[in-house]
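Just below is one structure, and these are the notes that go with it.
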Amino acid sequence: MRKTLSFGFLASLVALVVCVLAGTGPALAQEAAGFGPAPVLTAADYPTVAGVNGRLVIWIVAQLHLWFAAFVLAVPIFVFIIEAIGMRTRDKRYDDMAYEFIKVSITAYSITAILGGLLLFSLILFYPHLFGYLSTIFSKSMFYYALLFFGESAVLYLYYYGWHWLQGDLRKWIHLSLGLLLNAIGTTLMLLANAWLTFMMSPAGVDPAGVFNGNEWEAIHNFLWNPINIHRFVANIAYGGSIVGAYAAFKFLTARTSQEKAHYDWMGYNANFIAICALLPLPFAGYYLAAEIYAYSQQMGITLMGGIFAWLFIIQAVLIGALFLSANYYLWCGMGRSDGARRYYWAIKYIAIVLIGAFLVWFTPHTLVLTNSELKSLGGPHHSILGPLGIMPAKNTAVNLMIIFTFLSFLIYRRSNKVATVSWEGMGNTLQVALFTAGILNILFLGIYHGYFTNTVYKVAASIPQVLTTFVVIVVSLVLDSFIYRGARDVGPLHWGRIPDRAQYALFLLAVAFTWLMGLMGYIRSGIRQHWHVVDIMRDNSPNAFTPTLGYAANVVSVAAVIFLTLVIFVFWIAKVSSVKTLPAGYWKE
Amino acid sequence: MGFARKTLFFAAAVAACGAGFLVLDVVMMNMQGLDLIFEK
Amino acid sequence: MRQFLSVIAFMLIVIGSFSAYSNLGIPQIEPAPPPTEEVIDLGSMDMGQFLALGDRIFNGKGTCTLCHNSLGRAPMLDQIGSNAQARLDDARYAGSATDIEGYLRESLTDPSAYVVAGFGKAGTNDTESPMPGTESGSIALSGPELAAVLAFLQDNGGLEVTVEIPTDMGDEATDENAAEPGEPRAPFTSFQDLSDEFACEACHTIGEEAGDLGPNLSAIGATRDRDYIRRALLDPNAEIAEGFEEGMMPDDLGTQLYATELELLIDHLSQLK
């Protein structure tokens, strides 16, 4: 373990040195001479190293770096939350679970650093002029990034190695504060890296020729910076939860004792809970990002949603459908932990029907690029019956219904082991059903009326009350539920560990689908720049400037995902090995 | 509660919640400078 | 170990099925390669070819039709003829153009100089246009290309073409190989070449090609006779098919076509049944 840790330090040291040499050095020289325009490149300006395809290397390494970074940034966020819950409830199980999470992430942390270094080297080797240009603009933030990395490592080691040392009243508070500091630094690191990549999409602080005006904050605070920040922050939490969930699922499957099984079942449930909580707002963060891309450049927006990339959102719909279905499936299987769940089994099939129906609506393509013969056989650009399901209001309605019904699954799960004792239980239940009914009717009204009988402005505007309706239904029914079940009696003890093995596969599916989806969306985010390194400022003139087909992109993502999962398995295995002791009889002299 | 009263209570509750959501719709559309019901 | 292997197998199957769906479940579209600078030989160009160049840029490199199409994202440019003067006269007009050509040029180079009501960026109250400038950035038209688009827009909008073919490329123009200016072009001998040259299928559906701005001509011979077709080609606004706009079709084909070409068009169209 210690060896991999020093790797982390080494990697960040190397990253710092390289940054200073390659980035800040020329940048300082530039500053004296004033900034030049963005370099105009020819195919000869892109070195071939060892005969490999530079774009492919950057693509895969950047994706791997991002996956690990997302994981190691997310874990401290919910470790912090779980530790706080543990402190409040004084339930040591939470503290143990938080410690196990951070232990899993610590090897991943050094891999993240190594991959970051690898990405940096690859950029310098394969795209020296692009890196040079970016580093003249982001000289200061790159330098501080490297320094912050040291801070991050130091705090992380204190937080992890000091876990058992910093226990007890005041010490626990100090430990929790370290967790907060860790998150603050980690999030700052992410924000800086986000600025560099959003600058490439929506450059700011430069004139049309790419001459930098010297105001680095303007370049950082570019148009798409905050939309990406929000999207990534939320997505990271969902992602981290899903990976830890997969870890717990594997430990559950291989557990030998029922005690172990109970522990990892509980851990898997909590990780999944975190993942789903973060997954629910994610579609809206995504819409916000897409809307901002539109606002920044209509051209880019149409390339994103209406051009070649439109098909990609069909793939995305399939994956998100898989995420929602497997999350619900896991909840339904989990109801077996309670003896009282039998009362609710009848509801599951209806929820399943709605979810699949909503999924199919979401899956229905909008206007697609069709060949003439396809156009003819379809009788127009839209299908006569299914066409109306393809437009955005239908999809917004479907997403909102999916979220409401996923929430319903969760509500039922919460209730499954409880019997309410308040006198007005019947009335409260009726109220809750009424709330759901009215909410669903309102969502349908907004979606159908504004989607099909008004103009575009209304279609877009109606999505806001739709989302708020979903939000109100969730919040109000949670409040109502907590009152109905105040002082409720348990049906019996929860049987943690009493869950079929196949439910664990839902957790694996969740993790894999998340990983793959992130890879795919990363491709589209980067791909809408098309043949530009920095949109409209610095053109990509390499032989690899073309946009690949979606199938090719999907294959690259798959290969990267397999590499990632292999590394993750290694990380988990290492965490296990560190606690194994072999006693070699007669090896050491007595 | 008898069946008729139960149904009545449920209908009233749906109406009440529906009215609440309608207010939400109107306010949200108004904030965007639109009326809830579109007129050509 | 058995558990471990089955989990690995499960994950590989999931990833494999995602990949398989992306490769087999959806059509594989080969995206267009990045645009390259077109070599323009201005010296040898007559107005017809110049307009055709403008047409190609309008529909291709200029990416104009991404937004200027029937989906209502941006104003339709085939109505410039009836609208441009009104825009210039509008009290909101704050640009510096004094004639229609100037207005069109300004709209291409500085789109926010005047924004048609309802087409501004959201929240700017129609003071800022979502359109990118076409001289720089990702579109980056050269001077002659811009002129060709202007000429095309005037022609396409039913206006008199006032733009002149620039003689100066801005850099070394290769005049040696150019044909004599004013030398007549060779007549086209096939319908397809003619249709390509005059971009009939940008608006009309004729067999395989599908345009929807003009009437479908795939079976025009079944309902119309040769005289009707002749008149529709030479004087397109004399009678407008129901559901279509007046002034969309160029009305100067009579001066651009050779007699043999006109007869070839009529022959071909009247046989489409």
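In what follows, every chain begins at residue 1, and chains take the letters A, B, ... in the order their sequences are listed. Computed from a predicted structure; not experimentally measured.
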Residue among Tyr296(A), Tyr505(A), Phe250(A) with most heavy-atom pairs under 4.5 Å to chain C: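 Greatest number of close heavy-atom pairs with chain C: Tyr505(A).
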Among the listed options Leu565(A), Thr254(A), Leu509(A), the residue most often paired with chain C at heavy-atom distances under 4.5 Å: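 Maximum pair count with chain C is reached by Leu509(A).
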Ile15(C)/Ser558(A) under side-chain contact (heavy atoms from CB on, under 4.5 Å): CA gap, chis, key distance, verdict: CA-CA 6 Å; Ile15(C) 291 177; Ser558(A) 290; 3.6 Å; yes
Part of [X] within contact of chain C (heavy atom distance under 4.5 Å):
X: Ala513(A); value: both
X: Asp501(A); value: side chain
X: Ala295(A); value: backbone

Mutual orientation of the aromatic rings belonging to Trp516(A) and Phe18(C) [parallel < 30°, tilted 30-60°, perpendicular > 60°]: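 The arrangement is tilted - the two ring planes meet at 30° to 60°.
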Please give me the minimum heavy-atom distance between [X] and [Y], naming the atom from each residue.
X: Ala554(A); Y: Ser19(C); value: O-OG, 3.6 Å
X: Leu253(A); Y: Gln3(C); value: O-NE2, 3.6 Å
X: Asn23(C); Y: Gly551(A); value: OD1-CA, 3.1 Å

Test item: Phe4(C) and Ile569(A) side chains (from C-beta on) under 4.5 Å apart, heavy atoms: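 A side-chain contact exists here, since the closest heavy-atom pair is under 4.5 Å.
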Inter-residue atom distance Met11(C).CE - Thr515(A).OG1, 0.5 Å rounding: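 Rounded to the nearest 0.5 Å, the CE-OG1 separation comes out at 8.0 Å.
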Under 4.5 Å from any heavy atom of chain A - which part of Ile8(C):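 Answer is side chain: those atoms of Ile8(C) sit under 4.5 Å from chain A.
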